[in-house]
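Before any comments, here is the structure.
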Amino acid sequence: MAHWLLKSEPDAFGIENLKNRRNQTEPWDGVRNYQARNMMRDQMQVGDLGFFYHSNVKEPGIVGIIEIVSAGHPDPTAFDPHAKYYDPKSDPDHPRWYLVDVRFVRDLKRTISLSELKDHADDALAGFPLVRKGNRLSIMPVTDQQWEFILGLENG
DNA sequence: GCCAACGTTGGC
DNA sequence: GCCAACGTTGGC
């Protein structure tokens with residue numbers, strides 16, 4: 001089982017929104033980045049767990065845990081001319097963009113802030129894309145060691 | 001609001 | 001294939 005981190009701006013869709021969805025489940029749509037697309041399409045598996053990360057807020061950080069509940073499949077919002085993330089270059093016969101469905105698992109007891117994570121950028125979290133300067137990836141892999149380390153911070 | 005860093009586009 | 005221009009991300 002692999003681990004992931006998924007970013008979202010809570011102004012658009014935060015973990016509170018996810019909790020309020022039917023079955024606390026939501027398609028993670030609107031991703032328009034090839035690296036992130038490839039991970040959803042090719043690597044994510046049902047049962048994988050992910051951190052839910054809030055970006056573009058006063059205190060960016062990890063706020064909860066989600067589970068991947070579907071394999072990658074085409075993102076229908078790319079086909080919809082009225083959708084915000086419509087992409088005319090994607091069509092159902094040759095989909096360009098993919099998504100996975102995610103389900104709320106639990107809140108963290110506290111937000112583990114980006115600044116706290118960066119404190120470990122040179123040791124336990126060395127190589128973790130999130131703490132690298134200029135990182136813009138909205139979906140990234142988390143190694144087992146990084147996952148356990150970050151979970152350990154929750155009680156610290 | 002600023003701006004550095006990044007990914008994408010398109011001319012050549 | 002190169003790379004300048006552009007739009008976006010996202011921390012601060």
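Proteins come first, then strands; the chains are lettered A, B, ... in the order of their sequence lines, and each starts at number 1. A quick note: this is a predicted structure, and the numbers were derived from the prediction, not measured.
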Toward the 5' end of DNA chain B, which comes first, A:Asn56 or A:Asn33, by nearest nucleotide? A:Asn56

How many Å lie between CG on A:Leu114 and C1' on C:dT9, as a whole number? 13 Å

Rounded to whole Å, the CG-P distance (A:Asp119 to C:dG11) equals 15 Å

Cationic N near anionic O, under 4.0 Å, A:Glu59 to A:Arg110: no

Atom-to-atom span, CG of A:Leu5 to C1' of C:dT9 - whole angstrom: 15 Å

Please check the phosphate of C:dT8 (OP1 and OP2 only) for any side-chain N or O of A:Lys7 closer than 4.0 Å. no

C:dT8 P sits how many Å from A:Asp87 CG, rounded? 14 Å

Take atom CH2 of A:Trp97 and atom P of B:dT8, then tell me their distance rounded to the nearest Å. 7 Å

Of the options C:dG10, C:dC12, B:dA5, whose atoms approach the side-chain atoms of A:Lys133 most closely? B:dA5

Can you confirm if the NZ or CZ of A:Arg37 lies within 45° of the ring axis of A:Tyr98 and under 6.0 Å from the centre of its six-membered ring? no

Reckon A:Lys58 touches a base, only the sugar-phosphate, or nothing at all at heavy-atom distances under 4.0 Å? nothing

C:dG7 C1' sits how many Å from A:Tyr85 OH, rounded? 13 Å

Does C:dG11 have its OP1 or OP2 closer than 4.0 Å to a side-chain nitrogen or oxygen of A:Tyr53? yes

Please evaluate residues A:Asp87 and A:Trp97 with respect to the criterion side-chain hydrogen bond (donor to acceptor under 3.5 Å, both in side chains), reporting the C-alpha separation (whole Å), side-chain torsions for both, the decisive distance (0.1 Å), and the verdict. CA-CA 9 Å; A:Asp87 182 351; A:Trp97 303 113; 2.7 Å; yes

Please tell me which of the listed nucleotides, B:dG7, C:dG10, B:dT9, lies nearest to the side chain of A:Gln35? B:dG7

A:His54 atom NE2 is separated from C:dT9 atom C1', nearest whole Å, by 17 Å

In terms of side-chain geometry, is the basic nitrogen of A:Arg32 or A:Asp75 positioned less than 4.0 Å from the acidic oxygen of its partner? yes

Which nucleotide sits closest to the side chain of A:Tyr34: B:dT9, B:dT8, C:dG11? B:dT8

Write down the distance between CZ (A:Arg32) and C1' (B:dT9), rounded to a whole number of angstrom. 17 Å

Hey, are A:Arg96 and A:Tyr34 close enough side-chain-wise for a donor-acceptor pair under 3.5 Å? yes

